[in-house]
> 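Have a look at the structure that comes next, please.
Every chain is numbered from 1, with letters handed out A, B, ... down the list of sequences.
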Amino acid sequence: MPATKGSAGKNGSKDSGRQGAGTALVIVESPAKAKTIAGYLGRGYVVESSIGHIRDMPNKAAEIPAKYKGEPWARLGVNVERDFEPLYVVNTDKKSHVRKLKELMAEADELLLATDEDREGEAIAWHLLEELKPKIPVRRMVFNEITKEAIQRAAHNTRDLNTRLVSAQETRRILDRLYGYEVSPVLWKKVMPKLSAGRVQSVATRLVVERERERMAFTPAEYWDVKALFEVVGADAADGPTAFPAALVAVDGTRVAVGRDFTSGGTVRSDRAVRQLDEAAARGLTERLEGADFSVSSVERKPYRRSPYAPFRTTTLQQEASRKLGLSAKQTMQVAQRLYENGYITYMRTDSTTLSESALGAARNQVRSLYGADYLPDKPRVYAKKVKNAQEAHEAIRPAGDTFRTPSQTGLSGPEKRLYELIWKRTVASQMKDAVGESVTVKLRGTSSAGETAEFNATGKVITFHGFLKAYVEGSDDPAADLDDRERRLPPVAEGDPLTVRSMEAEGHSTRPPARYTEASLVKELEEREIGRPSTYASIIGTILDREYVFKKGTALVPSFLAFAVVQLLERHFGNLVDYEFTARMEDVLDAIARGEAEGLPWLRRFYFGGEGSEGERETGLKELVSDNLSEIDPKEISSLPLPGTDIVLRVGRYGPYLDRDGTRVNVPDDLAPDELTKEKAEELFAQPSGDRELGTDPATGRTVVAKSGRFGPYVTEIIEEPEEGEGRKAKAVKPRTSSLLKSMSLDTVTLEDALKLLSLPRVVGELDGEEVTAQNGRFGPYLKKGTDSRSLETEEQMFTVTLEEAEKLFAQPKQRGRRTAAPPLRELGEDPATGAKMVIKDGRFGPYVTDGEVNASLRKGDEVEKITDERAAELLAERRAKAPAKKKAPAKKPAAKKTTAKKTTAKKTAAKKTAAAEKAPARKTGTPRSAED
DNA sequence: CAGTGAGCGAGCTTCCGCTTGACTT
């Protein structure tokens with residue numbers, strides 16, 4: 001609806017429109033929010049969203065602007081040599097949106113940056129400012145709740161941008177980038193490509209691994225107790241239950257041990273004066289108590305009171321949706337997002353439990369109408385913030401609006417209705433009265449036939465006023481635990497009342513290892529440790545699942561052996577970074593920066609370049625840890641997990657985990673939980689046929705032919721019997737013949753016939769120039785060999801069919817000619833303005849590339865052979881030239897002692913010794929943080 | 001994890017936090 005200009009309200013105060021003729025552009029973070037706010041602000045305002053952050057450091061090489069490509073720090077996106085100046089680019093998916101914002105701004109006469117009032121929101125506002133470069137007046141607009149009054153108030157009570165908060169955010173961002181982009185490559189080199197490390201995900205992974213370690217170290221303890229059903233003598237069944245259960249708690253005044261009295265090692269805790277009953281003791285006691293007289297020795301009554309739970313924030317919603325609806329963190333957020341976008345609930349990514357005034361009113365009205373005034377407290381309930389680093393830019397998660405719709409009024413169905421109902425109930429319950437009642441503990445005593453005094457306990461709970469429990473009861477992760485609304489009524493008994501035993505039974509138990517994390521409990525743990533943010537909890541789980549650091553077994557998160565290797569590496573070589581307190585300490589620093597009491601730069605400098613720690617000790621910087629210290633990380637050691645009490649080592653290989661005992665190896669199934677890898681299980685794996693498949697006997701040799709899966713893929717080989725012990729060493733060890741399967745074969749279907757054919761290789765083709773010519777299969781595929789000379793063959797089949805004449809022709813041709821000359825350029829382009837050389841696009845092993853005859857440059861993602869312009873080709877070539885010159889090697893270092901072989905393994909070890917020139921940062925020129933500019 | 005013989009255009013992977021559609025399979 002177009003704004004009617006003119007009568008913008010001279011008397012103004014109540015007018016929802018804006019004074020003056022022009023319009024103000026208001027930018028918020030979320031489109032759904034923009035829609036709502038636009039309605040509240042009315043004419044004179046155009047409300048648009050930024051859709052989150054609009055700029056960030058480049059994600060990957062393709063996003064780095066050409067002018068920075070050659071910089072040594074371009075890979076990081078942070079100029080570590082110049083005060084950690086970040087390089088910001090508009091995210092590719094935001095380019096068109098930023099353009100739109102610019103267009104809208106051109107129409108406006110004022111810009112209101114109304115992003116969230118937290119660290120990230122302030123930074124988004126600053127980035128908008130930097131990117132939009134407004135020439136009109138700019139103000140920062142903030143609000144904590146989205147109601148008409150609050151929004152209109154906020155529009156007229158603007159402030160300046162808080163640059164200190166922006167600095168805190170930028171410091172956080174830089175640290176996360178340095179951590180992630182410096183440590184991940186260490187994992188690529190030492191463990192496996194494409195792995196990742198980060199401040200949040202690595203700690204999350206470590207938590208899961210540590211829990212598994214606890215489970216592995218756990219020794220269960222067995223203990224027994226006695227359960228009995230007692231009956232009140234002479235009670236009237238009409239008054240309610242006359243029998244009730246009780247459990248043995250003490251014998252002769254000594255408490256009987258229960259689960260919590262044991263250590264994880266299976267022994268009784270040293271500080272516990274308890275008696276551990278074994279089966280014989282428990283059964284014996286039960287027998288001796290048969291027919292014994294019992295009486296009530298004490299009755300203790302305590303008032304019971306329970307207050308409602310706070311309204312939902314992201315983590316508690318995820319936990320309850322998991323317990324009650326069986327939703328994963330990601331599913332919960334997806335459903336909640338839909339509810340939010342369609343106006344059913346408030347924002348779902350929040351760490352706040354606060355309800356706005358209007359929400360309080362709505363909740364209280366609903367309590368009154370649905371449950372009656374008796375259930376309504378005199379004053380609204382206020383919940384203290386539970387989360388330490390809460391930024392509270394939003395409300396709690398609650399039904400939207402000034403009046404709450406009941407679930408049936410929404411017309412929703414399926415998971416959306418169920419989640420809405422959960423949120424609605426929890427919100428309403430949070431404004432109801434406490435549940436009150438009484439809890440009772442009854443102690444019973446009897447004497448056994450051997451004169452032992454046995455003491456039993458019975459507990460009961462009676463709720464006299466259900467209060468909020470009428471609306472909502474929180475779920476539990478432990479299926480054995482009693483829920484809050486569970487009542488247990490005991491018959492009315494008094495001290496001295498006689499009781500008879502209706503039944504009595506000894507029960508055996510064993511202590512259980514700590515439970516594995518679930519998605520919800522891991523998120524809860526992370527939140528308590530101040531690690532991660534509401535917008536990221538679900539994706540943290542996604543990341544560690546994607547990297548295969550954990551897998552799900554039911555709802556449990558099980559760490560992989562890969563996670564053990566990665567965590568082991570990080571703990572041993574980057575201990576500080578996976579310290580559980582790392583983030584908490586970082587938050588302290590960031591808070592100090594936000595308060596203006598500290599600067600980010602010195603802190604980043606120490607983190608990256610090292611320096612004096614808080615205790616005056618020298619702290620090694622990240623840069624040194626990932627470069628000079630790299631050679632200290634032994635990949636073999638890192639990937640090895642000794643199995644305690646055995647000489648078996650579990651190793652994490654490129655093709656999955658396997659066990660190694662003195663060179664004998666066996667694969668470990670990918671889905672084996674680490675705590676299930678016991679000594680016995682390991683032996684079982686070794687005893688199993690190793691997946692080799694016997695194909696039959698070679699009639700020529702009598703040897704068994706088997707198909708196996710090896711390092712280089714599937715292959716066939718033959719089994720050669722070991723010579724008998726006394727037969728001496730004179731018989732020279734015979735090497736078994738081996739051969740890789742052809743590409744057309746597979747391990748499952750290969751036949752003895754195939755195998756014999758393969759084992760017949762190398763085939764003698766004939767003789768040329770006095771040398772034998774053979775056809776065989778090798779590392780790079782099929783080839784012909786003549787002495788030290790060789791030529792590749794086109795197909796595997798040729799190994800069996802190639803004739804001497806064909807071989808002679810091949811050897812007559814120069815090497816390497818195979819396909820190069822055969823392949824004409826894919827496209828011809830014009831001349832490179834830089835060199836004047838003609839450019840062509842060719843097809844190569846790694847896909848299409850452009851070359852000028854000297855320099856070659858692969859096409860990048862998004863480049864299409866048909867659409868490459870001369871300019872783009874020249875750009876690619878220029879970039880390639882700017883990179884480390886492949887030809888002339890700088891002789892800065894001492895000459896290499898030996899010729900480096902091309903073997904990858906050695907390259908790995910010698911990698912990363914970089915010249916440490918110019919590492920020292922020059923003294924700062926100015927003391928002003930870059931982001932503090934006005 | 002089986003063990004033989006080239007010579008070549010590499011380039012990319014990855015972090016945490018804000019936010020949604022627009023894409024293809």
Side-chain angles (χ1 to χ4, degrees), chain A residues 28-33 49-54 56-57 59-62 75-77 91 93-94 97 115-116 118-121 123-124 127 169 172-173 175-188 192-202 337 341 349 532-536 539-540 543 547 651 653-655 658 660 663-667 690 708-713 715-717 735-740 762 776-781 783-785 788-792 815-816 818 820 842 844-851 855-861 880 883 886 902:
Chain A
V28 297
E29 286 181 43
S30 139
K33 202 191 256 184
S49 70
S50 70
I51 325 180
H53 273 291
I54 56 154
D56 192 13
M57 297 151 190
N59 275 315
K60 44 189 175 180
R75 185 183 63 79
L76 293 171
N91 309 28
D93 56 335
K94 291 287 170 55
H97 191 70
T115 49
D116 295 348
D118 58 14
R119 205 195 285 152
E120 297 294 328
I124 292 173
H127 280 298
Q169 190 276 348
R172 194 242 0 118
R173 181 67 192 93
L175 175 112
D176 282 333
R177 169 52 68 97
L178 294 175
Y179 186 145
Y181 275 39
E182 289 287 33
V183 181
S184 296
V186 174
L187 298 180
W188 305 342
M192 221 185 267
K194 300 203 176 184
L195 296 180
S196 61
R199 175 175 58 82
V200 172
Q201 62 169 293
S202 293
Q337 175 86 28
E341 284 173 8
R349 292 185 275 261
R533 302 279 312 136
S535 67
T536 62
S539 62
I540 294 165
T543 301
R547 299 279 172 275
R651 297 209 56 217
R654 247 146 235 251
Y655 311 98
Y658 62 91
D660 186 328
T664 311
R665 290 162 167 170
V666 58
N667 282 327
S690 52
K708 294 177 142 189
S709 176
R711 205 168 21 142
F712 312 124
Y715 68 103
V716 291
T717 187
K735 272 195 173 172
R737 295 173 295 165
T738 63
S739 173
S740 287
Q776 51 197 300
N777 211 355
R779 169 83 179 80
F780 309 109
Y783 67 104
L784 287 170
K785 181 179 159 102
T788 56
D789 204 4
S790 68
R791 291 289 184 280
S792 286
K815 241 184 195 173
Q816 167 224 3
R820 283 272 316 244
K842 291 184 172 183
R845 286 177 309 163
F846 307 120
Y849 64 99
V850 55
T851 177
V855 178
N856 307 309
S858 284
L859 300 197
R860 302 292 173 74
K861 258 182 207 160
R880 183 74 191 92
K883 283 223 158 182

> Test for a donor-acceptor pair under 3.5 Å between the base of B:dA2 and the side chain of A:Ser740, counting only N and O atoms.
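By the distance-only test, yes, there is a pair.
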> Between A:Thr717 (side chain) and A:Thr738 (backbone), is there a donor-acceptor pair under 3.5 Å?
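No; zero donor-acceptor contacts below 3.5 Å.
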> Could you say whether A:Thr738 or A:Asp118 is positioned toward the 5' end of DNA chain B, judged by the nucleotide with the nearest heavy atom to each?
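This one resolves to A:Thr738.
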> Assign A:Arg172 to base, sugar-phosphate, or nothing according to its heavy-atom contacts below 4.0 angstrom with the strands shown.
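If one applies the 4.0 Å heavy-atom cut-off, A:Arg172 turns out to touch a base.
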> Indicate, yes or no, whether a donor-acceptor pair under 3.5 Å links the base of B:dC16 to the side chain of A:Arg533.
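Result: no qualifying N/O pair found.
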> At less than 4.0 Å, is any side-chain N or O atom of A:Gln776 found next to OP1 or OP2 of B:dT4? Yes or no.
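Negative; the distance criterion is not met.
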> Under 4.0 Å between a side-chain N or O of A:Arg349 and OP1 or OP2 of B:dT20?
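It does, given that an N or O in the side chain of A:Arg349 lies less than 4.0 Å from OP1 or OP2 of B:dT20.
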> Going by an N to O cut-off under 4.0 Å, is there a salt bridge joining A:Arg172 and A:Glu120?
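Judged by the 4.0 Å cut-off on N to carboxylate O distance, A:Arg172 and A:Glu120 do form a salt bridge.
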> Return yes if the base of B:dC18 and the side-chain atoms of A:Asp116 contain a donor-acceptor N/O pair under 3.5 Å, otherwise no.
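Answer no: no donor N or O sits under 3.5 Å from an acceptor.
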> Between A:Arg177 and B:dC15, is there a contact of a side-chain N or O with OP1 or OP2 at under 4.0 Å?
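No, outside the criterion.
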> Hey, is A:Asp56 close enough to A:Lys94 for a salt bridge, meaning N to O under 4.0 Å?
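Answer for the salt bridge query: no.
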> Reckon A:Thr536 has a side-chain N or O less than 4.0 Å from the OP1 or OP2 of B:dC16?
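Answer no for this pair, as no side-chain N or O of A:Thr536 is under 4.0 Å from OP1 or OP2.
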> Would you mind reading off the distance between A:Gln337 atom CD and B:dT20 atom C1', rounded to a whole angstrom?
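One finds 7 Å between C1' of B:dT20 and CD of A:Gln337, rounded.
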> Can you check whether A:Tyr715 stacks with the B:dA2 base, using ring centres under 5.5 Å and planes within 30°?
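Yes.
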> Can you tell me if A:Ser184 uses its side chain to pair, donor with acceptor, with the backbone of A:Tyr181 under 3.5 Å?
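Not confirmed, A:Ser184 side chain does not pair with A:Tyr181 backbone.
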> Base, sugar-phosphate, or nothing: which does A:Ser184 touch, judged by heavy atoms less than 4.0 Å apart?
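Base contact.
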> Hey, is A:Arg75 close enough to A:Glu182 for a salt bridge, meaning N to O under 4.0 Å?
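A salt bridge links A:Arg75 with A:Glu182.
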> How would you label the contact of A:Asp56 with the nucleic acid (heavy atoms, under 4.0 Å): base, sugar-phosphate, or nothing?
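Counting heavy atoms under 4.0 Å across all strands, the contact made by A:Asp56 includes a base.
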> Mind checking A:Arg651 for me? I need base, sugar-phosphate or nothing, with any heavy atom below 4.0 Å counting as a touch.
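Nothing, no heavy atom under 4.0 Å.
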> The side chain of A:Asp176 lies closest to which of these nucleotides: B:dC18, B:dC16, B:dT20?
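The nucleotide sitting nearest to the side chain is B:dC16.
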> Do we see A:Tyr179 stacking on the base of B:dC15, given a limit of 5.5 Å between centres and 30° between planes?
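No.
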> Touch check for A:Gly121, heavy atoms < 4.0 angstrom, all strands: base, sugar-phosphate only, or nothing?
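It contacts nothing in the nucleic acid.
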> Indicate whether OP1 or OP2 belonging to B:dG11 is found under 4.0 Å from a side-chain N or O atom of A:Arg75.
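The answer is no; no side-chain N or O of A:Arg75 sits under 4.0 Å from OP1 or OP2.
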> Given B:dT19, is OP1 or OP2 found less than 4.0 Å from the side-chain N or O atoms of A:Ser50?
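For A:Ser50, the contact criterion (side-chain N or O under 4.0 Å from OP1 or OP2 of B:dT19) is not met.
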> Indicate whether OP1 or OP2 belonging to B:dC18 is found under 4.0 Å from a side-chain N or O atom of A:Arg173.
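Checking A:Arg173 against B:dC18: no side-chain N or O falls below 4.0 Å of OP1 or OP2.
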> B:dC15 P sits how many Å from A:Lys194 NZ, rounded?
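For the pair A:Lys194 NZ and B:dC15 P, the rounded distance is 12 Å.
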> Heavy atoms only, 4.0 Å cut-off, all strands: where does A:Leu195 land among base, sugar-phosphate and nothing?
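Sugar-phosphate, no base atom in range.
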> Is the phosphate of B:dT20 approached by A:Ser30 (side-chain N or O, under 4.0 Å from OP1 or OP2)?
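Yes, because at least one side-chain N or O of A:Ser30 sits under 4.0 Å from OP1 or OP2 of B:dT20.
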> With heavy atoms under 4.0 Å as the rule, sort A:Pro736 into base, sugar-phosphate or nothing.
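Here A:Pro736 touches no strand at all.
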> Between A:Asp660 and A:Arg651, does any side-chain N to carboxylate O distance fall below 4.0 Å?
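Salt bridge flag = no for A:Arg651 with A:Asp660.
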> Please classify the nucleic acid contact of A:Gln201 as base, sugar-phosphate, or nothing, using heavy-atom distances under 4.0 Å.
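A:Gln201: backbone/sugar contact only, no base atoms under 4.0 Å.
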> Base, sugar-phosphate, or nothing for A:Tyr181, non-hydrogen atoms under 4.0 angstrom?
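Answer is base: heavy atoms of A:Tyr181 come under 4.0 Å of a base.
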